[in-house]
Amino acid sequence: MPEALNFLREMNNKGLKPNVITYSTLIDAFCKEGMMQEAVKIFMDMKRVGLSPNEFTYTSLIDANCKAGNLSEALKLKKEMFQEGISSNIVTYTALLDGLCQDGRMEDAEEVFREVLETGISPNQQIFTALVHGYIKAKRMENAMEIWKEIKGKGFKPDLSLYGTIIWGLCSQNKLEESELVFSEMKGCGSTPNHFIYTTLMDAYFKAGKTKEALNLLQEMLDNGIEFTVVTYCALIDGLCKKGLLQEAINYFRRMPDIGLEPNVAVFTALIDGHCKNNCIEAAKELFNEMLDKGMIPDKAAYTTLIDGNLKHGNLQEALSVEKRMREMGMELDLYAYTSLIWGLSHFGQVQQAKILLDEMIGKGILPDEILCICLLRKYYKLGYLDEAFELQTEMVNKGLITGTCDYAVPNART
DNA sequence: AGACAGTATT
């Protein structure tokens with residue numbers, strides 16, 4: 001798309017001199033559209049016509065590169081910026097720190113944060129939130145809470161993002177009571193939780209088996225006029241299904257269009273799984289077809305759910321045909337799909353086929369967990385393939401998949 | 001003119 005450069009030239013011809021702001025705005029727009037090459041072209045053109053990029057220009061490019069996972073390019077730009085004598089500001093640092101956090105490079109992110117302090121820039125909520133989020137993602141909740149306490153010690157009033165991040169972090173660590181305290185404190189301080197926060201907490205309540213609390217929160221959302229999103233419905237439908245409240249889940253699902261929302265693949269998958277696990281495989285298949293009829297493209301999770309549902313209902317052939325369709329769609333099987341299929345095949349006594357899939361997954365660098373390995377081993381023993389079982393057991397021990405201390409020949413109710 | 005937060009499958 002060379003239109004942007006033409007556009008700039010046209011502006012010039014009309015005597016409307018594009019300035020640094022014009023160029024920076026265009027660069028940022030192309031970055032946000034994911035058209036990096038185009039953004040870079042404008043960046044180079046800007047330099048060519050003698051305009052100097054400033055902190056805004058660089059920040060847009062650094063942020064876009066971070067979000068695209070090109071950390072090295074982002075760091076290169078930061079260095080270039082420094083060499084050009086343009087100082088980074090809090091927004092530049094936040095973009096870079098967040099990029100490093102998203103990439104799991106916490107030591108580098110901490111280094112960036114130190115640089116902020118050393119430069120004399122006072123950190124604001126956004127950069128604290130980015131850092132807190134990084135720690136949570138790295139499963140270092142203790143560090144996240146230290147920052148949280150530090151912020152509150154400084155007398156900052158946490159904003160919605162920070163409250164939301166902390167609540168999400170505590171939920172992800174199954175620290176529901178603490179999460180609840182922060183949630184109450186938030187409301188007490190006059191902040192109104194948004195749909196992100198309500199959805200996070202409701203989902204956590206459902207996952208912890210606290211159905212009543214989850215439903216109370218749902219009511220609170222309705223009372224406070226909080227917007228429902230597709231994700232809210234997804235968490236709600238999944239939670240209801242897992243509690244066996246299938247009809248309730250269906251009702252919410254069917255009422256989504258009433259408020260202008262259409263179920264996406266994730267919502268269908270939650271409901272399909274719910275039907276499978278509540279003994280309604282036929283209805284699950286109908287839902288899957290309904291999804292196809294709507295022109296939606298099932299993802300790995302959707303296919304895996306249908307495969308697993310069929311296996312658990314004794315339909316091995318149908319499960320294998322779904323697997324075939326999945327592969328024909330050009331999808332690689334993942335840990336979930338392999339686990340389900342290997343379990344199913346061994347359950348039906350097809351241990352050779354299960355072994356083929358096991359080798360295939362290991363070949364791709366996807367490692368089965370110990371439970372799956374033991375499940376397959378026990379089936380070998382049970383079917384009387386003792387030599388093969390022993391061989392497989394040795395192989396699994398050598399690959400570090402099992403510890404090898406159990407007596408797998410002992411029949412087990414689960415196999 | 002630029003930065004930070006949530007969901008479904010074994």
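Convention: sequence-line order gives letters A, B, ...; per-chain numbering from 1.
Within the 4.0 angstrom heavy-atom criterion, only backbone atoms of the sugar-phosphate kind lie near A:K312; the bases stay farther away. Counting any heavy atom pair closer than 4.0 Å across all strands shown, A:T339 reaches a base atom. Heavy atoms of A:A270 sit nowhere under 4.0 angstrom from any nucleic acid atom. A:D369 comes within 4.0 angstrom of nothing in the nucleic acid, heavy atoms only.
A donor atom on one side chain and an acceptor atom on the other are not found under 3.5 Å apart for A:Y93 and A:Q126. For A:N216 and A:Y205, the side-chain atoms include no donor-acceptor pair closer than 3.5 Å.
For A:E178, the salt bridge (Lys or Arg N to Asp or Glu O under 4.0 Å) test picks out no residue, with sequence neighbours left out. Checked against side-chain hydrogen bond (donor to acceptor under 3.5 Å, both in side chains), A:H313 has the following partners two or more places apart in sequence or in another chain: A:N279.
The CZ-P distance, from A:F253 to B:dA8, rounds to 17 Å in whole Å. Residue A:I272 contributes atom CD1, which lies 10 Å from atom C1' of B:dT9 at whole-angstrom precision.
Among the candidates A:R327, A:K300, A:K364, the single residue satisfying the side-chain hydrogen bond (donor to acceptor under 3.5 Å, both in side chains) test with A:E332 is A:K364.
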**Fill in**
Protein-proximity profile, nucleotides 1-6 of chain B, B/S/- by nucleotide at the 4.0 Å heavy-atom cutoff, equals BBBBBB

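In this structure, A:K379 fails the cation-pi test against A:W343, since its NZ or CZ atom is not both closer than 6.0 Å to the six-membered ring centre and inside 45 degrees of the ring normal.
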